[in-house]
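Sequence positions, counted from 1, serve as the residue numbers for this chain. Here the structure is a predicted model, which is why all the values come from computation and not from measurement. Read the numbers this way: they start at 1 and go in the same order the structure lists the ligands and their atoms.
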Amino acid sequence: MLRIGLTGGIGSGKSTISAIFEELGAPVIDTDAIAREVVAPGEPALAEICRSLGHDLLRPDGSLDRAALRRRVFRDDARRRRLEAITHPAIDARMRQRLATLPEHTAYVLLVIPLLLEAGWQDRVDRILLVDCPETVQVQRVVSRDGIEPEEAWRMVRSQASRDARRQAADDVIDNDGSLERAELTARVQRLDRRYRGAAD
Ligand code: ADP
């Protein structure tokens with residue numbers, strides 16, 4: 001089974017593209033969704049985060065205060081690394097579990113991994129598919145999608161791998177700067193889908 005790692009910066013269009021792959025019947029494993037699952041109440045990673053970074057990160061209902069966590073690791077590399085040392089192995093384990101449950105003759109699987117480069121997970125995938133767009137477009141989209149200030153969006157964009165680094169690591173690129181009509185975007189995904197199925201054969 002071919003493992004395709006779909007990556008790209010925040011707001012580049014990963015969810016949009018992975019939804020099109022799903023419509024074409026490709027199995028998709030989304031590590032962003034898994035990242036939320038592994039810190040749900042009762043999960044060992046949540047208890048570890050509290051031990052390592054503070055029990056006050058829990059809300060009264062026992063769920064993780066994600067905004068408080070972001071503030072606590074913001075601009076503190078040592079804390080951020082401690083957090084990642086807890087969450088990344090938990091995400092990795094669950095991703096492998098999901099992979100193991102796919103039907104035997106699955107041609108390829110799309111692994112959505114936003115921080116593929118930042119986490120150094122290149123070896124988890126056979127090919128890297130990048131969704132790319134200019135940073136100004138990323139910021140515009142995130143501001144309108146999440147209702148945050150442009151400065152905050154820029155901070156998030158700048159904290160991630162650079163566009164150059166991503167483009168260098170990518171095997172395939174979908175340019176999603178917004179100039180393509182939805183039908184063209186779908187056609188681009190269809191061509192990749194056919195290629196990945198062919199390569200798996
Ligand atoms: P990511 O998952 O990479 O953070 P999304 O797929 O959520 O990005 O896209 C960010 C926002 O931009 C969403 O609101 C989405 O609907 C919008 N968007 C993505 N691609 C396009 C496009 N080609 N044209 C217009 N809007 C787009």
Practice item. Please work out which of C133, G11, S144 has its closest non-hydrogen atom nearest to atom 4 (O) of ligand 1. Key: G11
Exercise for review: Give a yes or no on whether a salt bridge exists between R72 and D56, defined as a side-chain N under 4.0 angstrom from a carboxylate O.
Suggested key: yes
Exercise for review: Name the orientation class of the two ring planes belonging to Y196 and F21 (parallel below 30°, tilted from 30 to 60°, perpendicular beyond 60°).
Suggested key: parallel
Exercise for review: Just let me know how N176 lines up against ligand 1, side chain, backbone, both or neither, with a heavy-atom cut-off below 4.0 Å.
Suggested key: side chain
Exercise for review: For atom 2 (O) of ligand 1, grab the closest protein heavy atom and report residue, atom and distance to one decimal in Å.
Suggested key: S15 OG, 2.7 Å
Point to revise | Heavy-atom nearest option to atom 14 (O) of ligand 1, drawn from R182, R145, Q138 | key: R145
Review point. Do ligand 1 and G13 have nitrogen or oxygen atoms that lie under 3.5 Å from each other?
Key: yes
Exercise for review: Any chance you could lay out the salt bridge (charged side-chain N to carboxylate O under 4.0 Å, His left out) test for R166 and D132, step after step, and finish with the verdict?
Suggested key: CA-CA 9 Å; R166 284 208 188 87; D132 185 53; over 6 Å; no
Review point. What do you reckon, does S12 put a non-hydrogen atom under 4.0 Å from ligand 1?
Key: yes
Check your understanding: Do D164 and S162 get their side chains close enough for a donor-acceptor pair, meaning under 3.5 Å?
Key -> no
Check your understanding: Given L6, V131, T16, which one has a non-hydrogen atom that is nearest to atom 15 (C) of ligand 1?
Key -> T16
Practice item. Tell me whether I148 is reachable from V157 by hopping between hydrophobic residues (I, L, V, M, F, W, Y) whose side-chain heavy atoms are closer than 4.5 Å. Key: yes
Practice item. Evaluate the 4.0 Å heavy atom contact test for atom 22 (C) of ligand 1: does a protein atom fall under the cut-off? Key: yes
Exercise for review: Please state whether G9 comes within less than 4.0 angstrom of ligand 1, counting heavy atoms only.
Suggested key: yes
Check your understanding: Is it true that a side-chain atom of N176 and a backbone atom of S12 form a donor plus acceptor pair closer than 3.5 Å?
Key -> yes
Exercise for review: Answer with yes or no whether the hydrophobic clustering places L99 together with L110; edges join I, L, V, M, F, W, Y residues whose side-chain heavy atoms lie under 4.5 Å apart.
Suggested key: no
Study note, to complete from the structure: Residue, atom and distance of the protein heavy atom nearest atom 18 (N) of ligand 1 read R141 NE, 3.8 Å
